[in-house]
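First up is the structure itself, then whatever we jot down about it.
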There are 2 protein chains.
Amino acid sequence: MIEKNLDTSILLSIYETAVLLIKKNIEFVSERGLTNQQWVILIHLAKDPNLPYFIREKHDKPMMASELADSLGVTRANITNLLTVLMEKKLLKQFEDDQDRRKKRLMLTPKGEKLIASMQSERLSSNAAMLKGLKNKEKAEFLRYLQKCTENVQKING
Amino acid sequence: MIEKNLDTSILLSIYETAVLLIKKNIEFVSERGLTNQQWVILIHLAKDPNLPYFIREKHDKPMMASELADSLGVTRANITNLLTVLMEKKLLKQFEDDQDRRKKRLMLTPKGEKLIASMQSERLSSNAAMLKGLKNKEKAEFLRYLQKCTENVQKING
DNA sequence: TTTAATAGTTAACCATATTAACTATTTTAC
DNA sequence: GTAAAATAGTTAATATGGTTAACTATTAAA
């Protein structure tokens, strides 16, 4: 007999909420011909300051594939495939780093910039709707709790 | 230029946290020869009262495949495949509903019960570690915020 | 200056889930 | 009461999304 436990309820709830959010986002981005992962890459290249990866560490130079792999939690090989598709769509381009010739830097094309910009207002209103009923102070706490949890998990994983 | 926005930061943080939690859980359950989805089915059949599905609605009768599909957010066909594997592993069994012969009810075998019971103490301590540093009152708020968010998303999706 | 690490790519493959068509049964609507 | 629709589950084919392992090229470390 499994007992009621607050920690467990929270973690299962994070899991369920994320499943729903991803489903909702797939609907949103597929209307623009994107997969969820493609879209996540594009908002990284658009330097969305709300991404946990950018909240944790400031980032000056254009991103590399390996940094995307790190932020998305997938392999570099997978990123290569995703980037290939996005370059075929002319949404981003790669250029070589002049300091280190192993590295390739990524940036949005004007077409990519426009696409992301055109999605932004619907994205914002949709996001607001998902957090409707929470006060600003509560939202700030919510974010802090999530960040604490992420930090704990990362600490455990080493 | 994408601006800082609290709603967006929260939703991206939920997404990232869930990715990390799932990775952590895959490690945990794969040591017992389970996939993440197989394990989620097993805790449903073990009637884990921390599952959002059970928090929302009381459940008396043994579960059906279609209810699992609903709770997990996947198709019934997918559940059929997952159940086949779990029955091959002798972790659960199916029996026909005597009221409605379309339905099949699911329950853990003694082996399935034992497996889940044997995982419970490590699961609890791992969950506690992931929420370390939050007070009980904060955890209660955290859960409420997540539930509010889930409710909003479900309302939007219809 | 050899060795190890980093960055990226490619090809083969695997896991997971979906769609569509099907059977069986029960419910709804006329 | 019966025809039509809905529900539950299964199957086969397929799509998707990702991984692993082997490779090249380049740079950093010993």
Side-chain angles (χ1 to χ4, degrees), chain A residues 15-16 18-20 22-23 25-27 29-30 33-42 44-45 59 61-89 92-107, chain B residues 15 18-20 22-23 25-27 29-30 32-42 44-45 59 61-89 92-107:
Chain A
Y15 178 62
E16 188 198 44
V19 169
L20 288 170
I22 291 171
K23 287 207 161 184
N25 200 55
I26 289 171
E27 280 178 37
V29 301
S30 69
L34 297 172
T35 67
N36 190 59
Q37 293 293 70
Q38 288 168 7
W39 176 80
V40 173
I41 287 178
L42 294 181
H44 273 84
L45 300 188
H59 222 83
K61 290 187 186 173
M63 291 194 88
M64 305 185 289
S66 55
E67 292 170 328
L68 286 172
D70 183 37
S71 181
L72 273 68
V74 297
T75 59
R76 278 177 298 139
N78 184 20
I79 296 289
T80 299
N81 297 333
L82 289 163
L83 294 178
T84 302
V85 176
L86 288 168
M87 286 190 287
E88 280 165 7
K89 289 178 192 259
L92 63 84
K93 55 180 183 246
Q94 254 177 347
F95 57 96
E96 287 177 11
D97 188 297
D98 42 6
Q99 318 282 345
D100 186 338
R101 295 185 42 225
R102 289 172 302 185
K103 297 180 180 174
K104 293 184 182 173
R105 301 286 173 178
L106 298 160
M107 60 183 296
Chain B
Y15 178 62
V19 168
L20 288 170
I22 292 171
K23 287 205 162 186
N25 200 54
I26 288 171
E27 279 177 39
V29 301
S30 69
R32 277 82 175 180
L34 297 172
T35 67
N36 190 60
Q37 294 293 72
Q38 288 167 7
W39 176 79
V40 173
I41 287 177
L42 294 181
H44 273 84
L45 301 187
H59 223 82
K61 290 186 185 172
M63 292 194 86
M64 305 185 289
S66 56
E67 292 170 327
L68 287 172
D70 182 38
S71 181
L72 273 68
V74 298
T75 58
R76 277 177 299 138
N78 184 21
I79 295 290
T80 299
N81 296 333
L82 289 164
L83 293 178
T84 302
V85 176
L86 288 169
M87 285 189 289
E88 279 165 7
K89 288 176 192 261
L92 63 85
K93 53 179 182 246
Q94 254 177 346
F95 57 96
E96 287 177 13
D97 188 297
D98 42 6
Q99 320 281 347
D100 186 338
R101 295 185 43 227
R102 290 171 302 185
K103 297 179 180 174
K104 293 184 182 173
R105 302 286 174 179
L106 298 161
M107 60 183 294

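Predicted, not measured: the structure shown is a model, and the values here were computed from it. Below, chains carry the letters A, B, ... as their sequence lines are ordered, and counting in each starts from 1.
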Quiz item: Does atom CD of A:Glu96 have more than 12 heavy-atom neighbours, drawn from other residues, nucleotides or ligands, at distances under 6.0 Å?
Solution: no

Within less than 4.0 Å of OP1 or OP2 of [N], is there a side-chain N or O belonging to [X]?
X: A:Gln99; N: C:dT6; answer: no
X: A:Gln37; N: D:dG17; answer: no
X: B:Thr80; N: D:dG9; answer: no
X: A:Thr75; N: D:dT19; answer: yes

Nearest listed nucleotide, side chain of [X], among [options]:
X: B:Asn78; options: D:dA8, C:dT10, C:dT18; answer: C:dT18
X: B:Thr35; options: C:dT16, D:dT19, D:dT11; answer: C:dT16
X: B:Ser66; options: C:dT9, D:dA12, D:dA8; answer: D:dA8
X: A:Met64; options: D:dT26, C:dT25, C:dG8; answer: C:dG8
X: A:Arg76; options: C:dT10, C:dA20, C:dA7; answer: C:dA7

Specify the separation, in whole Å, of atom [atom1] of [X] and atom [atom2] of [N].
X: B:Ile79; N: D:dT11; atom1: CD1; atom2: P; answer: 15 Å
X: B:Asn81; N: D:dT14; atom1: CG; atom2: C1'; answer: 13 Å
X: A:Leu83; N: C:dG8; atom1: CG; atom2: P; answer: 9 Å
X: A:Trp39; N: D:dG17; atom1: CH2; atom2: P; answer: 15 Å
X: A:Lys103; N: D:dT27; atom1: NZ; atom2: C1'; answer: 9 Å
X: A:Leu82; N: C:dT10; atom1: CG; atom2: C1'; answer: 15 Å
X: B:Ile22; N: C:dT16; atom1: CD1; atom2: P; answer: 13 Å
X: A:Ile41; N: C:dG8; atom1: CD1; atom2: P; answer: 12 Å

Exercise. Would you tell me whether A:His44 and A:Glu67 have side-chain atoms, one donor and one acceptor, within less than 3.5 Å of each other?
Key: no

For residues [X] and [Y], determine if any side-chain heavy atom of one lies less than 4.5 Å from a side-chain heavy atom of the other.
X: A:Met63; Y: A:Arg105; result: no
X: B:Gln38; Y: B:Val29; result: no
X: A:Lys104; Y: A:Asp97; result: no

Quiz item: B:Gln94 near the nucleic acid: base, sugar-phosphate alone, or nothing, with a heavy-atom cut-off under 4.0 Å?
Solution: sugar-phosphate

Quiz prompt | Check: B:Lys23 side chain, A:Gly73 main-chain N or O, donor-acceptor pair, under 3.5 Å | solution = yes

Quiz item: Is B:Lys89 reaching over with its side chain to a backbone N or O of B:Gly33, donor-acceptor style, under 3.5 angstrom?
Solution: yes

Quiz item: If you pin A:Gln38 and B:Glu67 to their nearest nucleotides in DNA chain D, which one's is more 5'?
Solution: B:Glu67

Exercise. Between A:Ala77 and A:Asp98, just flag the one whose closest nucleotide in DNA chain D comes earlier from the 5' side.
Key: A:Ala77

Practice problem: Using the side-chain contact (heavy atoms from CB on, under 4.5 Å) rule, take B:Lys93 and B:Met107 through it: C-alpha gap first, then chi angles, then the decisive distance, then the call. | Solution: CA-CA 6 Å; B:Lys93 53 179 182 246; B:Met107 60 183 294; 4.2 Å; yes

Between N or O atoms, less than 3.5 Å apart, protein on one side and nucleotides 28-30 of chain D on the other: list the pairs.
none

